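Here the structure is a predicted model, which is why all the values come from computation and not from measurement. Here, residue 1 is the first one in the sequence, and each next residue gets the next number.
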Amino acid sequence: MQEERPFVVSIAGFDPSGGAGLLSDIKTLEQVKVMGLGVCTALTLQTDSQCLSLEWRSIEEITKGINVLMSHYPVSVVKIGIVKDAEFLGEIIKAVKICNSDAKIVWDPVLKSTSEFAFFNLETLPVLKNILDNISLITPNYNEYKVLKENNLLSEENPCSVLIKGGHRGDCLGMDVLVEGGKEVLLLPAGGDFVYYPKHGSGCVLSSAIAGELAKGKSLEMACRKAKLYIEQFLKSNPSLLGTHS
């Protein structure tokens, strides 16, 4: 008899290349042995190297999808990807918490794509101050972290944990930093030097893997460590921009 798997909802954009967003999240969740469900925030037209267009879905459609899935399945963890602004994010989180006030939320704050396509309206950043309290973990890359820090959104008093990804660092490439409860934990690449191929959607893969491990009952630090091992294999999987999951 197959062992029952926990449920995770990914609330993210649709990327037809399959490298990022919902499709990538579901691939990752399947590999880490959880049941992946999806709610689409936006329809994009993109390849692994270029985003050509984006059409946001209405918040009513998104919250309806959240309500249907979370009222039918025992969802304990939610991963959120691209959202257009802070108010949009706030409405999504409100809908999640109405369904399950104990649900853990992992937000990958995609401010712009690697190809410089802007997703998030930075003018709404101040509104995030009142929203981060309801998020368990945010996973900014180094550049996104600096933007959030400059806007005074990551104070020591904030209960939201932060995983600062090291893939864009000029120094210590591949070294992630987990800040949890005011304590910093360095997550170094496995095997020393970090040798990898750049990948489209790597942030989506990492945050989804963390969400999956949290749903299986892992502590936040252990979930991040296991997800880091997963993303490193993904980044080494082949020389193209589209990684493979195994």
Side-chain angles (χ1 to χ4, degrees), residues 1-44 54-110 119 131-139 159-161 201 203-220 222-224 226-227 230 245:
M1 182 176 175
Q2 183 179 348
E3 184 181 346
E4 188 175 344
R5 296 186 176 193
F7 289 86
V8 174
V9 173
S10 166
I11 304 172
F14 175 76
D15 168 10
S17 79
L22 274 177
L23 294 179
S24 175
D25 291 350
I26 298 303
K27 292 176 189 177
T28 304
L29 293 169
E30 180 69 20
Q31 287 295 323
V32 300
K33 299 188 174 3
V34 301
M35 295 294 290
L37 310 172
V39 175
C40 184
T41 58
L43 300 173
T44 74
L54 176 148
E55 178 186 345
W56 293 106
R57 296 185 74 219
S58 72
I59 193 62
E60 291 77 19
E61 291 175 306
I62 294 167
T63 54
K64 182 178 179 180
I66 293 168
N67 292 334
V68 168
L69 292 178
M70 292 191 68
S71 63
H72 189 76
Y73 301 101
V75 175
S76 59
V77 182
V78 171
K79 176 263 166 107
I80 301 175
I82 60 166
V83 291
K84 66 179 180 178
D85 55 40
E87 290 92 347
F88 199 75
L89 175 64
E91 290 298 315
I92 289 172
I93 291 172
K94 188 189 301 181
V96 168
K97 291 296 186 178
I98 287 173
C99 293
N100 180 0
S101 60
D102 295 325
K104 292 177 180 172
I105 296 175
V106 177
W107 179 40
D108 185 26
V110 185
F119 290 115
I131 295 174
L132 291 178
D133 290 355
N134 292 307
I135 298 176
S136 307
L137 176 72
I138 61 172
T139 60
C160 176
S161 297
C204 303
V205 173
L206 178 64
S207 53
S208 295
I210 293 170
E213 295 298 339
L214 288 173
K216 292 191 294 184
K218 299 289 191 300
S219 68
L220 181 57
M222 184 53 65
C224 290
K226 290 184 74 68
Y230 186 93
H245 298 257

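Under the 30°/60° scheme for interplanar angles, the aromatic rings of F88 and W56 are found to stand perpendicular.
Taken from CD1 in I62 to CG in N67, the straight-line distance is 12.0 Å, to the nearest 0.5 Å. With values rounded to the nearest 0.5 angstrom, I98 atom CD1 is found 12.5 Å from S71 atom OG. Note that CG of L89 and OG1 of T41 are 10.5 Å apart. Values are rounded to the nearest 0.5 Å. D25 contributes atom CG, which lies 6.0 Å from atom OG of S207 (distance to the nearest 0.5 angstrom).
When every heavy atom of A20 is checked against every heavy atom of D15, the shortest pair comes out as N-OD2, 3.0 Å. Residues P159 and D133 share a closest heavy-atom pair of CD-OD1, 3.5 Å. Y73 approaches L37 most closely through the heavy-atom pair CD1-CD1, 3.6 Å. When all heavy atoms are compared, the tightest approach of L54 to A42 is CG-CB, 4.2 Å. Nearest heavy atoms, L22 versus G38: CD2-CA, 3.8 Å. Here the closest heavy-atom approach between residue L220 and residue L214 is recorded as CA-CD2, 3.9 Å.
Taking 4.5 Å as the limit, every side-chain heavy atom of I93 sits out of range of all side-chain heavy atoms of W107. With contacts defined as side-chain heavy-atom distances shorter than 4.5 Å, the pair C224/L137 qualifies. Side-chain contact between H245 and Y230: present, with at least one pair of heavy atoms (C-beta onward) separated by less than 4.5 Å. Looking only at side-chain heavy atoms (C-beta outward), V9 and I66 stay at 4.5 Å or farther from each other. Using a 4.5 Å cut-off on side-chain heavy atoms (C-beta onward), K79 and I210 make no contact.
At distances below 3.5 Å, at least one donor-acceptor pair connects side-chain atoms of K27 with backbone N or O atoms of G18. When atom types are taken as modelled, the side chain of K33 and the backbone of K216 share no donor-acceptor pair closer than 3.5 angstrom. The main-chain N or O of I105 is found under 3.5 Å from a side-chain atom of S136 such that the two form a donor-acceptor pair. N100 places a side-chain N or O within 3.5 Å of a backbone atom of V75 that can act as its donor or acceptor partner. Using a distance-only test at 3.5 Å, with no hydrogens or angles considered, a donor-acceptor pair links the side chain of R57 to the main chain of C40. A side-chain donor-acceptor contact under 3.5 Å links K97 to the backbone of A103.
With sequence neighbours excluded, no residue forms a ring-ring contact (aromatic ring centres under 6.0 Å, His included) with F14.
Between K94 and E91 there is a salt bridge, with a side-chain nitrogen of the basic residue lying less than 4.0 Å from a carboxylate oxygen of the acidic one.
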CA sep, side-chain torsions, deciding dist, call: M222, K226, side-chain contact (heavy atoms from CB on, under 4.5 Å): CA-CA 6 Å; M222 184 53 65; K226 290 184 74 68; 4.1 Å; yes

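Between the side chains of D108 and T139, at least one donor N or O lies within less than 3.5 Å of an accepting N or O.
With V8 as the fixed residue, the side-chain contact (heavy atoms from CB on, under 4.5 Å) test singles out one of L29, V32, V78: L29.
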